A.B. asks: 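Below is the structure I would like to discuss, written out as C-alpha cells.
All of these numbers come straight from a predicted model, not from anything done at the bench. Read the numbers this way: they start at 1 and go in the same order the structure lists the ligands and their atoms.
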Amino acid sequence: MSPPGADRYRVRAGGSIKGSLTVPGDKSISHRALMLGALADGDTHISGFLAGEDCLSTARALEQLGVAIERPAETEVVVHGVGAHGLAPSPAPLDMGNAGTAMRLMMGVLAPQRFDSTLIGDESLMRRPMERVAVPLQMMGARIHTREGRPPVEIRGTPHLRAIHYSLPVASAQVKSAVLLAGLAATGRTELTEPAPARDHTERMLGAFGVRLQRDGRRIAMEGGQPLTGTRIAVPADFSSAAFFLVAGCLAADPALTLTNVGVNPTRTGLIELLRRMGADIRLQPRTAAGDSDAEPVADIEVRRSALHGITVPETLIPNSIDEFPVFFIAAACASGETLVRGALELRVKESDRLAAMAAGLERLGVEHQLLPDGLWIRGAGELGGGTIDSSGDHRIAMAFAVASLKARAPIEILEVANVATSFPGFVDTARAAGLRIEAL
Ligand code: S3P
C-alpha cells in the first residue's frame, strides 16, 4: 500500500511488464452515472464505479443538492434519484476539486434549476476555461457568471430554458454534455453538431435512462422534457487508465500483458490506432456483442513488447486520444525516429498545460524535442535518462513519467503526485504488480 498522502514517486529504471490486471472504473462514465441517476425517477445501481477523488467530488456535490447516495461497497453505488425537479439548493458553494468534467457537466444540470448555485474547485480547476460551456447555456437563456471565463461559476437558476441548435466550436464532450443536460430541462428540440466526434458516453447513457435521442454522424438531436428512469449501469475499466499500461506493455511486456474488462468505446480508443501505426502488437478480445448503439463496448486487451517507430499523428485521431497524449509522448520518446503532433491546442487547457509539462519532463530525461504552439515534435531516443520530474500536479503527467522508467538508464523521481488519486486510486500497487519498480514516498 502507498503511504497516505504520498506526494512523490521514486521509480527505479528498467523492469519488465507481464500478467493480467484490471484498472479502476471509467471516470467519464462514473460522473455521468451519478448525475443522470440523480435526475432520474427511481434508483440507479452503479457497479464498477470509480472511487477516485474526481467522482467523489461529483457525489458530494449531488449530496449537497439533496440527493441520497449510498455506497454499499467501494465500487458499488446506489443513487436515489430525485427526478427532474427534485434538486434542492446547496447552502454552500459546490467544490468540484480537480474535476473539470464535474464542473462543466454540473453547469448544465444547475442552469435550469429554480435556485442559484456557485461552483468552485482546486487551484488547477480555478484556472480552467468555463466560457465554452457558459456561452451555449447563455444562448439557451441561462444566467451564468464567470470570472473572466474561469471559476468561480455563479449560476442564477432559470427554469425556462429554450432549446438551441448549436455548432460546437471545439470537439468537447464536456460542452456537448452540458448542453444536452440543460436541454433535457429546456422547451423544444436541442440540436448539436460536433466538429469531430467527441466521446459519446452521455448520449449512450441517456438512452439507457430511457431518453430518445437521434444521432447521425456528428449531429445529435433530443426533445426537451423527457423523463429519466433509474437503471443499472455497469462501468467498465477506464481506457484512459489502461493507456499507461498499454504503453508500458509496448515498451516492456514479456511475454504479454492483458488488461481486462476495458471500455473500448471507439470515441476513446484513438491511442490503440496511434500505437499500432507505430508498430505495436495490440489485440482485442471483445466481451460485449456489437449492435446495441447505447451499450458501452468492453474488451480484454493484450499487448506485447514491440519495436516502436515514430509517426506523424493525424489530427483526426486527436479528439479520440486527447487524454492519452502524456503517455503517448513517452511512447514517442522511446520509439525510433521522429514523432510530430500538431493541432492539439486543447492539451494546453487540461489539468495542466500538458504540452509544456511534457516538454519540461522530456528535457529532464534528455529527449530531443521541440515545443510547438499546438503540439510537440519528438526525436525518439530509444533509451531515456533519469532525473526529477515536476508533474505540475497533473495525474496523467505523473503516471506517464512512471511508465518512462521502463526505458530509463537511471531512477526517475516524480513530484506532486497526490492527484493521481483523482482518476487512478491504487496506481502504485497496480503498477508494481505489473512490474514497474515504483514506490510512493
Ligand atoms: C471528458 C471530456 C474531455 C476529456 C476529459 C473528460 C468527459 O474533455 O479530456 O478528461 O468526461 O466528458 P473536453 O470535453 O474538454 O475535451
A.B. asks: Only one of Thr58, Thr202, Thr101 clears side chain to side chain donor-acceptor pair (under 3.5 Å) with Arg32; which?
C.D. replies: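 For Arg32, the side chain to side chain donor-acceptor pair (under 3.5 Å) test succeeds with only one of Thr58, Thr202, Thr101, which is Thr202.
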
A.B. asks: Considering Arg132, Arg32, Arg104, which one's heavy-atom position lies nearest to atom 12 (O) of ligand 1?
C.D. replies: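 Going through Arg132, Arg32, Arg104 one by one, Arg32 has the nearest heavy atom to atom 12 (O) of ligand 1.
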
A.B. asks: So do Ser177 and Arg104 actually touch side chain to side chain, heavy atoms under 4.5 Å?
C.D. replies: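 No, every pair of side-chain atoms sits at 4.5 Å or beyond.
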
A.B. asks: For atom 6 (C) of ligand 1, which protein heavy atom lies nearest, and how many Å away is it?
C.D. replies: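 Protein heavy atom with the smallest distance to atom 6 (C) of ligand 1: Thr101 OG1, 3.3 Å.
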
A.B. asks: Using a 4.0 Å cut-off to any heavy atom of Ser28, which atoms of ligand 1 qualify?
C.D. replies: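 Selected atoms, number and element: 6 (C), 7 (C), 11 (O).
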
A.B. asks: To which protein heavy atom is atom 10 (O) of ligand 1 closest, and what is the distance rounded to 0.1 Å?
C.D. replies: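 Atom 10 (O) of ligand 1 sits closest to the protein heavy atom Asp323 OD2, 2.7 Å.
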
A.B. asks: Inspect the contact between Arg215 and Asp200 and indicate whether a charged nitrogen and a carboxylate oxygen are less than 4.0 angstrom apart.
C.D. replies: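 Between Arg215 and Asp200 there is a salt bridge, with a charged N closer than 4.0 Å to a carboxylate O.
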
A.B. asks: What protein heavy atom sits nearest atom 1 (C) of ligand 1, and how far away is it?
C.D. replies: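 Sorting protein heavy atoms by distance from atom 1 (C) of ligand 1 puts Gln174 NE2, 3.5 Å first.
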
A.B. asks: Against heavy atoms of Ser172, which atoms of ligand 1 measure under 4.0 Å?
C.D. replies: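 Going through ligand 1 atom by atom, the ones under 4.0 Å from Ser172 are 13 (P), 14 (O), 15 (O), 16 (O).
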
A.B. asks: State, without any angle test, whether Arg143 and Thr158 hold a side-chain donor-acceptor pair at a distance under 3.5 Å.
C.D. replies: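 Side chains of Arg143 and Thr158: pair found under 3.5 Å.
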
A.B. asks: Which option, Lys350, Arg354, Arg199, owns the non-hydrogen atom nearest atom 16 (O) of ligand 1?
C.D. replies: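 Residue with the shortest heavy-atom distance to the ligand atom: Lys350.
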
A.B. asks: Would you check the N or O atoms of Ala173, main chain and side chain alike, for any that come under 3.5 Å of an N or O of ligand 1?
C.D. replies: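 Yes, Ala173 has an N/O under 3.5 Å of an N/O on ligand 1.
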
A.B. asks: Between Glu413 and Arg8, is the closest basic N to carboxylate O distance under 4.0 Å?
C.D. replies: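 Glu413 and Arg8: salt-bridged.
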
A.B. asks: For the CZ atom on Arg287, are there more than 12 heavy atoms of other groups (residues, nucleotides or ligands in this structure) within a distance under 6.0 Å?
C.D. replies: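 Yes, enclosed.
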
